[in-house]
2 protein chains.
Amino acid sequence: MDETDELLSIRAAELYYEENKTQDEIGQALRLTRWKVGRLLAQAKQRGFIRIEILHPRARRLPIERRLREERGLDDAIVVSSAGVSSADELQARTAQAAADYLTALRPVPRTLGVSWGRTLFEISQHLRSGWATGVNVVQINGGVSLNRRAGTAAATAVAMAQKGGGNATLLPSPAILEHLATKEAIESDRVVAGVIELARSADAYLFSAGPADHSSVHIESGYLTDADVDLLVQKGAVGDVVGRYIDSDGNIVDPALDARTVGLTLEELREGRLRIAVIAGQSKHPVADAVVRSGLCSVLVTDEATALHLLDG
Amino acid sequence: MDETDELLSIRAAELYYEENKTQDEIGQALRLTRWKVGRLLAQAKQRGFIRIEILHPRARRLPIERRLREERGLDDAIVVSSAGVSSADELQARTAQAAADYLTALRPVPRTLGVSWGRTLFEISQHLRSGWATGVNVVQINGGVSLNRRAGTAAATAVAMAQKGGGNATLLPSPAILEHLATKEAIESDRVVAGVIELARSADAYLFSAGPADHSSVHIESGYLTDADVDLLVQKGAVGDVVGRYIDSDGNIVDPALDARTVGLTLEELREGRLRIAVIAGQSKHPVADAVVRSGLCSVLVTDEATALHLLDG
DNA sequence: GGCAGTTCTGCTCATATGAGCAGTCGGTGC
DNA sequence: GCACCGACTGCTCATATGAGCAGAACTGCC
């Protein structure tokens, strides 16, 4: 296509998309046949001169979703558009909304849903509508957040999801990480705790997020780990955590001793679920998102456009 | 339109614009009739959820051009798109290119073109192609820039335009502003200078830019005015200069004494031209652009999208 | 200059889309 | 309970658009 044609295709595109003229009218204006105009428009599109964006908080990017399914072997992918997003919080909210939508539309409806906790999960629970399901029981799959100053976020998440879904919540009454292995083993052998974990193993679907391995981690905020602990994990290759367990970029446990003191489903147990929905958004989580997807921890990913593109160009 | 329909229209838009499905196929996917799909798409457009941008350095914004003509009484307006522009320089270049395109396409071809000088005009001269016209004579309409360190820019502008247009340049051999009124009158009574000005008065078209009234002014750079002079002009209400003459927001001369020492066409003489093309781009020139358009100094405006929108919401 | 391969052009025809209209539904006021 | 109004639905029909094709024009090569 020569320079003249390129310019003509821009003129044609202006008249077509901004002035809503027909290709025939454009032909008359530019002294071209309407077929030529059609071809110029096709070329303008094909060369990427025309950008069409859907500006809406609920807008998704279907082509990117398809690529994630095809190139990353996911069973499903939900990618929210970041067009017109001004803050990281807004992006997080959009992603949580999309996750809530996905859960609501899920067929068959899971009878038991295993969930982790954290800011993302809490937000999803808030975006779910009452009646999003009928009779969904929610069970926690990893140890809770009792030390957190916003106490009860973990419990509130599971309870809200269950209530709005017309079912019951089963909480895992245990810290996330114990100081001593013996304590952890004692807790897990407790009848109640063991029962919850057993229930969690049998869940129809898992819903979890992932945290970045940096000082903003909830484990630091909750007092389970110190800044120094996290620095050490990062040195060992940690990119983030999933259900409280720190993984490297291949999805392997970084620190087996620490992992042994962590209460809840192990990554192997998690991987045995047939439907494993990860919800991960935001720049800081790009590395964990990559690890989670590459290592097959999730079968379904809900994420934002930038994160999805990051996963695809790796 | 209720919430459900809004969401549906977004889903439909995704399938239509991103997946290139037909409205019929979308209907099957979403369990709607194809007419409903068509209506949803129409509403999505109408509510502004669909944004179509033309990404190209030569792209223009025709609807804004139309509004400028209709609401600001311009004979013509050229508005370059700022979609995908990263720097002020790039925007300036796009605008200059558009001005060059406009000149090239101008019919009837002017036999004599009166031009001012400055960065914008120089850039236009560089963007013009050899042979853009056949036999256009170019005449300077205001005093030159001999004190400038980049000496000869003003002359180079006029000469390049004339050469590429197959005609001759007539330069105005005079400073822009004289220190004493007597000197200015002496210069203007010089046979050569008087002849050039006479020629300028008879030009078929004028092409000029405008400068902001701030310390970045070319008059300061060229040594005709000091920082203090400009501060004083601003205090008196100056928003910028056109052909070397400082105007307020109504387009009136701010300082008649200074104006009397300025060589070249007066604003009244400029206004008598039938075709007066102003090329003004960039954030810092919004106030002058406003004054130029409101006071009818130009009949045609070449500008950028942001400046145009500024003119329209005043 | 002539020839083969390629691109470009203007067409026909099938399909996709938008305008306009009559029937239907759901709510409202009496 | 019923007549009325307005909004919505599914249609017909006219128009706009894209696919595909045959001939024209142009290119490089001998």
Side-chain angles (χ1 to χ4, degrees), chain A residues 1-56 58-63 65-66 81 83 101 105 129-131, chain B residues 1-56 58-63 65-66 81 101 105 129 131:
Chain A
M1 192 199 232
D2 68 5
E3 159 104 27
T4 313
D5 265 18
E6 181 169 325
L7 249 176
L8 271 179
S9 77
I10 297 303
R11 297 287 151 255
E14 288 160 359
L15 293 164
Y16 192 70
Y17 292 107
E18 302 209 315
E19 299 282 74
N20 296 312
K21 301 221 184 262
T22 68
Q23 297 184 5
D24 212 353
E25 289 172 315
I26 297 169
Q28 287 178 277
L30 303 181
R31 295 152 171 273
L32 300 167
T33 62
R34 69 191 178 82
W35 297 285
K36 178 75 179 171
V37 173
R39 282 171 186 132
L40 287 171
L41 288 172
Q43 292 200 21
K45 258 193 201 165
Q46 186 247 313
R47 287 164 150 243
F49 296 154
I50 312 298
R51 177 163 72 196
I52 303 187
E53 277 181 330
I54 302 172
L55 293 167
H56 194 279
R58 308 286 270 268
R60 285 162 48 188
R61 303 300 320 276
L62 305 188
E65 295 181 358
R66 194 216 321 272
S81 164
D101 289 348
R129 303 200 156 210
S130 278
Chain B
M1 193 198 233
D2 68 5
E3 158 105 29
T4 313
D5 265 19
E6 180 167 326
L7 248 178
L8 271 179
S9 76
I10 297 303
R11 297 287 150 256
E14 286 160 1
L15 294 164
Y16 192 71
Y17 291 108
E18 302 210 316
E19 298 282 74
N20 296 312
K21 300 219 186 265
T22 68
Q23 297 183 4
D24 212 353
E25 289 171 315
I26 296 169
Q28 288 178 278
L30 302 181
R31 297 152 169 273
L32 300 168
T33 61
R34 67 191 179 81
W35 296 286
K36 178 75 179 171
V37 173
R39 282 171 186 132
L40 287 171
L41 287 172
Q43 291 201 20
K45 257 192 202 165
Q46 186 246 313
R47 286 163 148 246
F49 295 153
I50 313 298
R51 176 163 72 196
I52 303 186
E53 277 181 330
I54 302 171
L55 293 167
H56 195 279
R58 308 285 271 267
R60 285 162 47 186
R61 302 301 319 277
L62 304 188
E65 295 181 356
R66 195 216 320 272
S81 163
D101 290 347
R129 303 198 157 211

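Throughout, protein chains are lettered first and strands after them, A, B, ... in sequence-line order, and every chain is numbered starting at 1.
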Tabulate atom names and distances for all N/O pairs under 3.5 angstrom spanning the protein and nucleotides 23-26 of chain D.
none

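- To the nearest 0.5 Å, the span separating CD on Glu14(A) from OG on Ser81(B) amounts to 8.5 Å.
- Between the P atom of dT9(C) and the CG atom of Leu8(A) lies a distance of 11 Å, rounded to the nearest Å.
- Taking atom CG of residue Leu32(A) and atom P of nucleotide dC8(C), one finds them 15 Å apart after rounding to whole Å.
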Exercise. Which letter, B, S or -, goes with each nucleotide of nucleotides 10-19 of chain C from 5' to 3', with contact meaning a protein heavy atom under 4.0 Å?
Worked result: BBB---SBS-
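- Between the Gln23(B) side chain and the Val37(B) main chain, no donor and acceptor come within less than 3.5 Å of each other.
- Side-chain atoms of Ile54(A) and Ile50(B), non-hydrogen and from C-beta on, do get closer than 4.5 Å to each other.
- With values rounded to the nearest 0.5 angstrom, Glu6(B) atom CD is found 3.5 Å from His56(A) atom NE2.
- Residues passing the side chain to side chain contact (heavy atoms under 4.5 Å, CB included) test with Leu30(B) are Leu8(B), Arg11(B), Ala12(B), Leu15(B), Ile26(B), Leu32(B), sequence neighbours excluded.
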For this session: Would you check, one step at a time, whether the test side chain to side chain contact (heavy atoms under 4.5 Å, CB included) holds for Lys36(A) with Asp5(A)?
Result: CA-CA 10 Å; Lys36(A) 178 75 179 171; Asp5(A) 265 18; 3.2 Å; yes
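- In this structure, Ile52(A) CD1 and Tyr16(B) OH are separated by 9.0 Å, a value rounded to the nearest 0.5 Å.
- For the helix from dG1(C)-dC30(D) to dC30(C)-dG1(D), the end axes, each set by the C1' atoms of five terminal pairs, are bent relative to each other by 30° (nearest 10°).
- The OH atom of Tyr17(A) lies 4.0 Å from the NZ atom of Lys45(A); values are rounded to the nearest 0.5 Å.
- Taking Lys21(A) as the reference, nothing meets the side-chain hydrogen bond (donor to acceptor under 3.5 Å, both in side chains) condition, with sequence neighbours excluded.
- Residues satisfying the side-chain hydrogen bond (donor to acceptor under 3.5 Å, both in side chains) test with Glu19(A), not counting sequence neighbours, are Arg66(B).
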